[in-house]
Amino acid sequence: MFQKVLIANRGEIALRVIRACRELGIQTVAVYSEADRESLHVRFADDDVCIGPAPARESYLNIPRIIAAAEITGADAIHPGYGFLAENAEFAEICAATNITFIGPTPQQIRTMGDKAAARRAMIDNNVPVVPGTPGPVEDVDEALAFAQKSGFPVIIKAAAGGGGKGMRVARDADEFPRAFQLARSEALSAFGNGSVYVEKYLERPRHIEFQILGDTHGNVIHLGERDCSIQRRHQKLVEESPSPAMTADLRARMGDAAVKGAKAIDYVGAGTMEMLLDSDGSYYFMEMNTRIQVEHPVTEMITGVDLVKEQIRVAGGAPLSVKRLPTLRGHVIECRVNAEDPAHDFRPSPGHIDVFHPPGGPGVRIDSHIYAGYTVPPYYDSMIAKVICQGADRAEAIIRMKLALDTFVLQGVSTTIPFLSRLMDDKHFKAGDVHTKFLEQEGAGLLK
Ligand code: MV4
């Protein structure tokens with residue numbers, strides 16, 4: 001096992017990884033930007049290194065500085081968390097070349113899944129259902145339009161280098177198509193330096209259901225059930241839950257088998273997520289694979305009792321998975337992301353000083369957060385300041401506990417999404433489990449008060 005792990009991240013996930021290392025008896029190194037000097041991850045780690053100015057590209061994205069920090073402190077592994085360098089194949093390669101273990105999948109696995117068209121191809125080759133579409137990237141607008149006319153409208157044009165909603169355009173008819181195609185292509189080119197796009201049939205109101213995957217270097221690949229992440233705003237998830245209100249034991253077995261088959265196709269190692277779309281008619285399709293630990297991983301930890309971050313670290317050290325199949329699910333779990341944002345002003349970021357902070361507690365409540373009274377939320381990074389995760393014997397109890405937790409969350413100094421989330425817990429469609437990816441577009445305005 002490792003002696004010392006460097007955490008190439010900040011915020012709550014840096015704290016989460018430090019805790020896992022502590023439990024495993026592993027020393028930790030925090031890296032931080034000049035804006036994060038007063039952060040808890042710096043205080044809680046055994047060792048710390050300032051890696052540069054506030055802007056991420058000069059600190060948390062600066063590969064040479066992070067590698068230098070690992071070499072100076074004698075770290076033998078790096079945990080990338082999520083975001084920043086977590087899905088950067090080149091970074092994983094540089095770690096390997098420097099004899100530092102990257103706690104995550106191989107560079108090749110990151111690369112294959114990072115190219116959404118290549119990932120789609122790999123799934124097709126292994127009989128994992130994908131949304132009907134072009135088998136690979138399309139060369140020009142005529143080839144793309146030919147598919148659209150054959151399959152029928154609406155269709156969605158997606159950037160091969162994209163993911164998370166960037167470089168996507170929907171075309172509802174042949175007239176709209178050329179413009180949508182050009183827009184997707186140019187957005188992909190400017191955002192990713194790669195204008196490669198593919199086309200799929202567009203599903204109008206699917207659920208976003210993702211399966212947690214764990215793989216090890218001994219050939220074991222399992223899934224740990226699903227998370228329903230249908231409640232999103234501009235491709236940012238606000239609420240995640242498990243089990244999905246739409247799930248049955250039979251559907252979980254079938255979707256879970258498909259997810260495991262897809263991960264096995266690339267001999268996946270570590271924690272990963274198979275993102276799938278579940279259509280209103282019950283058909284399901286692979287969409288993308290995320291090759292990292294995700295923000296919403298505590299939902300799966302609470303419903304299964306498996307510590308995903310400890311599994312990641314152990315597996316990277318060559319150990320077999322400590323869990324060999326899906327454990328009995330424990331009731332129902334919901335996570336709400338608390339952001340320092342003002343919902344009344346289009347969710348604009350609200351950084352600043354935290355004057356008062358008293359997080360909720362009680363049975364079935366977990367809070368993952370890096371903030372404290374007296375902390376200043378910097379304007380440079382993601383606006384998420386806390387995750388509230390609540391478990392109940394069933395979904396109704398999980399919702400009651402979440403509502404209570406949100407309403408007793410005392411946090412003053414910055415605007416937050418807490419009141420918005422609290423009203424969401426009262427929404428009749430949400431309570432009925434009737435959610436889909438267009439939910440907030442349709443119902444969100446009513447939750448602004
Ligand atoms: C889709 C889709 C409908 N049909 N693909 C959004 C992010 C990226 N991962 C893919 N996304 C979608 N792909 C087909 N063929 C709808 C979405 C989508 C979506 C997916 C999950 C959660 C929220 C979403 C919001 C808008 C669109």
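Both ligands and their constituent atoms are indexed starting at 1 by order of listing.
The shortest non-hydrogen separation linking His41 to Ala14 is CB-CB, 3.6 Å. Of all the heavy atoms in Val141 and Pro178, the pair that sits closest is CG2-CA, 4.0 Å. Here the shortest heavy-atom pairing between Pro80 and Ala86 reads CB-CA, 3.7 Å.
Proximity to Glu288 (heavy-atom distance under 4.0 Å) selects the following atoms of ligand 1: 8 (C), 9 (N).
The protein heavy-atom contact nearest to atom 7 (C) of ligand 1 is Gly165 N, 3.5 Å. Nearest non-hydrogen protein atom to atom 10 (C) of ligand 1 is Met287 SD, 3.3 Å. Ranking the protein heavy atoms by distance from atom 3 (C) of ligand 1 puts Leu203 O, 3.3 Å first. Regarding atom 20 (C) of ligand 1, its nearest protein heavy-atom neighbour is Thr437 CG2, 3.8 Å.
At a 3.5 angstrom cut-off on N or O pairs, His208 does not count as close to ligand 1. Polar contact check, Gln232 against ligand 1: no nitrogen or oxygen pair lies under 3.5 Å apart.
If you check each of Gln236, His235, Glu441 against atom 27 (C) of ligand 1, the one with the closest non-hydrogen atom is His235.
The aromatic ring centroids of Phe420 and Phe347 lie less than 6.0 Å from each other.
The side-chain heavy atoms of Pro327 and Leu224, taken from C-beta on, include a pair separated by under 4.5 Å.
Distance check, rounded to the nearest 0.5 Å: CZ of Arg292 to NE2 of His297 gives 12.5 Å.
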